[in-house]
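Below is one structure, written out as structure tokens, with a few remarks after it.
Numbering of residues begins at 1 and proceeds along the displayed sequence. All values derive from a computational prediction rather than experimental measurement.
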Amino acid sequence: MAEMGMGKGVTAGKLASNVQKKLTRAQEKVMQKLGKADETRDVAFEEGVINFNKQYILIIGVELWCIPHYDPCTALVLHWQVCLSLCLSTAMHESSKNLKECLSDMYEPDWYGKDDVDSIVEDTDVLWTDFHQKLVDNALISMDTYLGQFPDIKSRIAKRDRKLVDYDSARHNHSSTNKGKKGKDGGIKITKPVSLLERATPVWAQGILSAHNIAQSNLSRNQAEDELERAQKVFEEINEDLQEELPSLWNSRVGFYVSTFQSMAGFEEKFHKEMGKLDQNLYDVLVKLERQDMCGSHPELSPTCSSYQVDVWYYIFTCLIYFLFKIPAVATVATNGASEAVEMPPGFLFKVTTMHDYAANDSDELEMKAGDIVLVVAFDNPEEQDEGWLIGMKEGDWIQNKESAVKGVFPENFTSRL
């Protein structure tokens, strides 16, 4: 009945043997701590274990709610941070999706670019999903594979420690068994009878008893020697493997970190670039919706709205004339109540008035205040013009300083064409 509760394959003898091993190890450790027994030390191996533990730092009690069936007790700091980053990415994805879907729901069917807005919303969701999946496939899974080595090695380090204690114990037992057993001539030293049994033994039988005692001593020494050989063999086998694996694992960390973070950085760069394009497309659609709304809400602006395509053609034509013939434009301005022809800057296109203050964020941008009149000119290189940006100079600055007037780029949506 006693063996029934010990589990399948576990006998009373095996259980007793395990208990005896634990007691022997505990006794050996106590003797070592008290300084009554020497301890086998390996400084190089101990440094390898320290490095191993630097890599394998456990986070106890951290609940990774974003990953189902995840065991928090085996998560490394780096692993956990990557998982946390994925959780936050998922939350940002959900927030972005909800915001874009809200815009799509509010965007009325007859508004300009309704189909474009719906397409942008869908593409944004697909881009987020693809980004998250790439992080999981190329960063998290590779990290799981790398970290999968640690539990097994950690278990074998603990086993080596136990086998080292067994080896030291066997070594000390062997040493004490052989201590003081040999005489000066190398032969076996026979002590005088001291026990009651030996004293009571007839003289003629004392030789037989001494021979028996010598045989028992030889048996103990042989057993101690066999035990030492077995303990040493088991320890050296596991020790040799770990002596190779620990430095190799430590040296592999650089390549692992480089590979992991390069992948993540590359995915993030591509994601933000593609997301920037979608945001710019959405911005352009909304700018055109604003123009459509202004034309519908302000009939007095209808000539300007209806002539938008004509203005574009005029812009292209003026640029062509300027680049082919370098002919400066001429405009008529009022001076002291009279009309006077004033030469406009080369490549002049049209005038705009500033509706809002604009603070220059770069050296090539034009600082503007609400109410400023700006003379818009053509770009020297049309390919340098970004969509939604114009280039020009303040009218007062041009009239006063001519060629020395400050010229810079500015956002078109801060101005209104005159």
Side-chain angles (χ1 to χ4, degrees), residues 112 276 279-280 283-418:
Y112 175 86
D279 289 338
Q280 182 63 51
Y283 176 85
D284 293 341
V285 170
L286 295 176
V287 167
K288 292 177 181 178
L289 174 64
E290 181 185 32
R291 288 175 177 168
Q292 182 188 66
D293 181 65
M294 289 179 62
C295 293
S297 303
H298 302 279
E300 68 276 10
L301 297 180
S302 57
T304 303
C305 298
S306 61
S307 62
Y308 175 73
Q309 295 296 335
V310 177
D311 288 341
V312 174
W313 179 87
Y314 174 76
Y315 172 78
I316 298 174
F317 176 75
T318 305
C319 292
L320 180 63
I321 294 298
Y322 170 70
F323 287 119
L324 289 178
F325 306 106
K326 300 297 182 181
I327 299 175
V330 177
T332 301
V333 298
T335 306
N336 296 328
S339 295
E340 178 182 340
V342 176
E343 183 177 333
M344 290 288 105
F348 171 74
L349 301 176
F350 51 85
K351 294 182 182 182
V352 295
T353 182
T354 307
M355 297 184 294
H356 312 284
D357 291 351
Y358 178 73
N361 296 317
D362 209 341
S363 59
D364 64 340
E365 296 183 6
L366 185 65
E367 188 91 15
M368 301 185 301
K369 298 292 183 181
D372 286 345
I373 303 298
V374 181
L375 306 179
V376 179
V377 298
F379 280 81
D380 292 337
N381 183 0
E383 294 182 357
E384 295 180 353
Q385 182 177 7
D386 294 327
E387 187 171 357
W389 287 78
L390 301 174
I391 188 170
M393 61 208 68
K394 296 179 183 178
E395 184 179 51
D397 190 14
W398 164 255
I399 293 174
Q400 183 176 356
N401 300 308
K402 297 298 181 183
E403 300 297 336
S404 299
V406 177
K407 182 170 68 172
V409 297
F410 57 90
E412 183 180 3
N413 58 355
F414 273 65
T415 63
S416 178
R417 186 179 303 193
L418 294 177

Keeping Gln280 on the side-chain end and Asp284 on the backbone end, is there a donor-acceptor pair under 3.5 Å?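 The answer is no, because no donor-acceptor pair under 3.5 Å joins these two groups.
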Taking all non-hydrogen atoms of both residues, which atom of Val377 and which atom of Pro345 are closest, and how far apart? CG1-CG, 3.8 Å
So do [Y] and [X] actually touch side chain to side chain, heavy atoms under 4.5 Å?
X      : Y      : answer
Ile399 : Glu395 : yes
Phe379 : Val409 : yes
Val376 : Phe348 : no
Ile373 : Leu418 : yes

How many angstroms lie between [atom1] in [X] and [atom2] in [Y], if you round to the nearest 0.5 Å?
X      : Y      : atom1 : atom2 : answer
Leu390 : Phe350 : CG    : CZ    : 5.0 Å
Ile391 : Gln385 : CD1   : CD    : 8.5 Å
Lys394 : Met368 : NZ    : CE    : 8.5 Å
Trp389 : Leu366 : CH2   : CG    : 10.5 Å

Glu403: what forms a side chain to side chain contact (heavy atoms under 4.5 Å, CB included) with it, not counting sequence neighbours?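 Partners of Glu403 under the side chain to side chain contact (heavy atoms under 4.5 Å, CB included) test: Pro346, Trp398.
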Among all residues two or more places apart in sequence or in another chain, which pass the side chain to side chain donor-acceptor pair (under 3.5 Å) test with Asn413?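 Partners of Asn413 by the side chain to side chain donor-acceptor pair (under 3.5 Å) criterion, ordered by chain and then number, come out as Tyr283.
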Check the pair Lys288 / Glu387 against salt bridge (Lys or Arg N to Asp or Glu O under 4.0 Å), numbers first and verdict last. CA-CA 13 Å; Lys288 292 177 181 178; Glu387 187 171 357; 5.4 Å; no
Between Val374 and Lys351, does a side chain to side chain contact (heavy atoms under 4.5 Å, CB included) hold up when you go through it step by step? CA-CA 6 Å; Val374 181; Lys351 294 182 182 182; over 6 Å; no
Identify each donor-acceptor pair in which a side-chain atom of residues 352-363 lies under 3.5 Å from a protein atom, sequence neighbours left out, and give them as a table.
from	atom 1	to	atom 2	distance (Å)
Thr354	OG1	Asp372	O	3.2
Asp357	OD1	Ala370	N	2.7
Tyr358	OH	Glu365	OE1	2.6

